[in-house]
Amino acid sequence: MTQSSRDRAPAGGTGRATPGRPVSPRDVAAAERLLSAGRLGVEGRLVQASNATLYCSIEHDGGAANCVYKPVAGERPLWDFPDGTLAEREVAAYEVSKTMGWGTVPPTVHRDGPYGPGMVQLWVEPDPDIDLVALSRSDDEAVRRMAVFDAVINNADRKIGHLLPPGDGHVYGCDHGVCFSAEYKLRTVLWQWRGKPLTPEALEALDRVAAGLRGGALGTRLAELLTPDEVEATRRRVELMLKHRIHPYPPEDWPAIPWPPL
Ligand SMILES: Nc1ncnc2c1ncn2[C@@H]1O[C@H](COP(=O)(O)OP(=O)(O)O)[C@@H](O)[C@H]1O
Ligand SMILES: [Mg+2]
């Protein structure tokens, strides 16, 4: 079963590229500049989204791209994530992704927009020929990295549709609003490595996060975006993985697979 890009096409959006020099998600500095300073044009609302998730064009200084804009004003209150905003959690996930160094999350910023402050994330067009169900069950290295990343951020919503493979071997992930709970709530479709040894590159990435949280820039930034308990719980999750050196097992008292999984 393949989820085509048409299935995900935004309601009312044209999906056409904005005129201007395209900015790649790999060019992180240029993408962050564009997302922070660019003029946002709302093109449509994403049909499958549960919150107000808007598909936009963005332009700045000759550069252009499409992006997702999630205004804080459009967030539904969630009993299990009462503090802060989902937009801040999305940005916190991006900060962790940057520290890990795998480019798991497309460039993401927090900024003002036509419906007030929110998160703005570069749009990554998934290759419609890639079977996402098969990818989610595979032993693909990029997906394995995502499983480690999700364990760090305590992702409570890693669905198959949150995998974005542009077709160049890389796999991006989206929708990191319900992450960083202080309780262990990892809920994901990517359990195939549970209990398996972490790879040397995963241990290195975890070391970088641990260092960043021990008085480094990551700790400072996360303290602006999350509660002290959530930052401390992130530090403990990372320490635990570094101690046991395995991919975590599912929580016992929490549904381990998101529903629907797609
Ligand atoms: N940065 C992105 N690039 C490409 N597609 C995206 C991006 N962010 C979201 N999407 C698409 O939009 C859908 C809805 O966005 P999502 O972040 O999951 O919103 P919600 O929080 O409402 O579930 C995703 O399942 C995905 O298909
Ligand atoms: Mg979603």
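Position 1 is the first residue of the sequence, and the numbers go up from there. All ligand and atom numbering here is 1-based and tracks the order in the structure.
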Short side-chain donor-acceptor distance under 3.5 Å, E125 and W123: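 Side-chain D/A pair, W123 to E125: present.
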Residues Y94 and E32: side-chain donor-acceptor under 3.5 angstrom: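 There is such a pair (donor and acceptor under 3.5 Å, judged by atom type) between the side chains of Y94 and E32.
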Atom of G169, atom of A142 and distance for their closest heavy-atom approach: O-CB, 4.0 Å
Closest non-hydrogen atom pair between V105 and S97, with its separation: N-OG, 3.1 Å
With heavy atoms under 4.0 Å as the rule, classify the contact between [X] and ligand 1 as side chain, backbone, both or neither.
{"X": "E125", "value": "neither"}
{"X": "L164", "value": "side chain"}
{"X": "V68", "value": "side chain"}

N, O or S atom of D175 closer to the Mg ion (ligand 2) than 2.8 Å: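 D175 does place an N, O or S atom closer than 2.8 Å to the Mg ion (ligand 2).
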The Mg ion (ligand 2) reached by C174 (N, O or S, under 2.8 Å):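 Short answer: no, not a single N, O or S atom is under the cut-off.
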Taking the side chain as everything from C-beta on, heavy atoms only, tell me whether [X] gets closer than 4.5 Å to [Y].
{"X": "R144", "Y": "K196", "answer": "yes"}
{"X": "L163", "Y": "S136", "answer": "yes"}
{"X": "T108", "Y": "L35", "answer": "no"}

Electrostatic pair E75-K70, nearest N-O below 4.0 angstrom: no
NZ/NE/NH1/NH2 to OD/OE distance under 4.0 Å, E239 and R236: no
With respect to [X], determine whether any N or O atom, backbone or side chain, lies less than 3.5 Å from an N or O atom of ligand 1.
{"X": "Q121", "result": "yes"}
{"X": "L46", "result": "no"}
{"X": "V124", "result": "yes"}
{"X": "H162", "result": "yes"}
{"X": "E90", "result": "no"}

Whether H176 and F149 hold their rings parallel, tilted or perpendicular, with breakpoints at 30° and 60°: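 Ring orientation of H176 relative to F149: perpendicular.
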What do you reckon, does [X] put a non-hydrogen atom under 4.0 Å from ligand 1?
{"X": "G161", "answer": "yes"}
{"X": "K159", "answer": "no"}
{"X": "D157", "answer": "no"}

The one among L163, L54, L122, D175 that brings a heavy atom closest to atom 23 (O) of ligand 1: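 It is D175 whose heavy atom sits nearest to atom 23 (O) of ligand 1.
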Identity of the nearest option to atom 26 (C) of ligand 1, non-hydrogen atoms only, from P25, C67, G173, C174: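 Answer by nearest heavy atom: C174.
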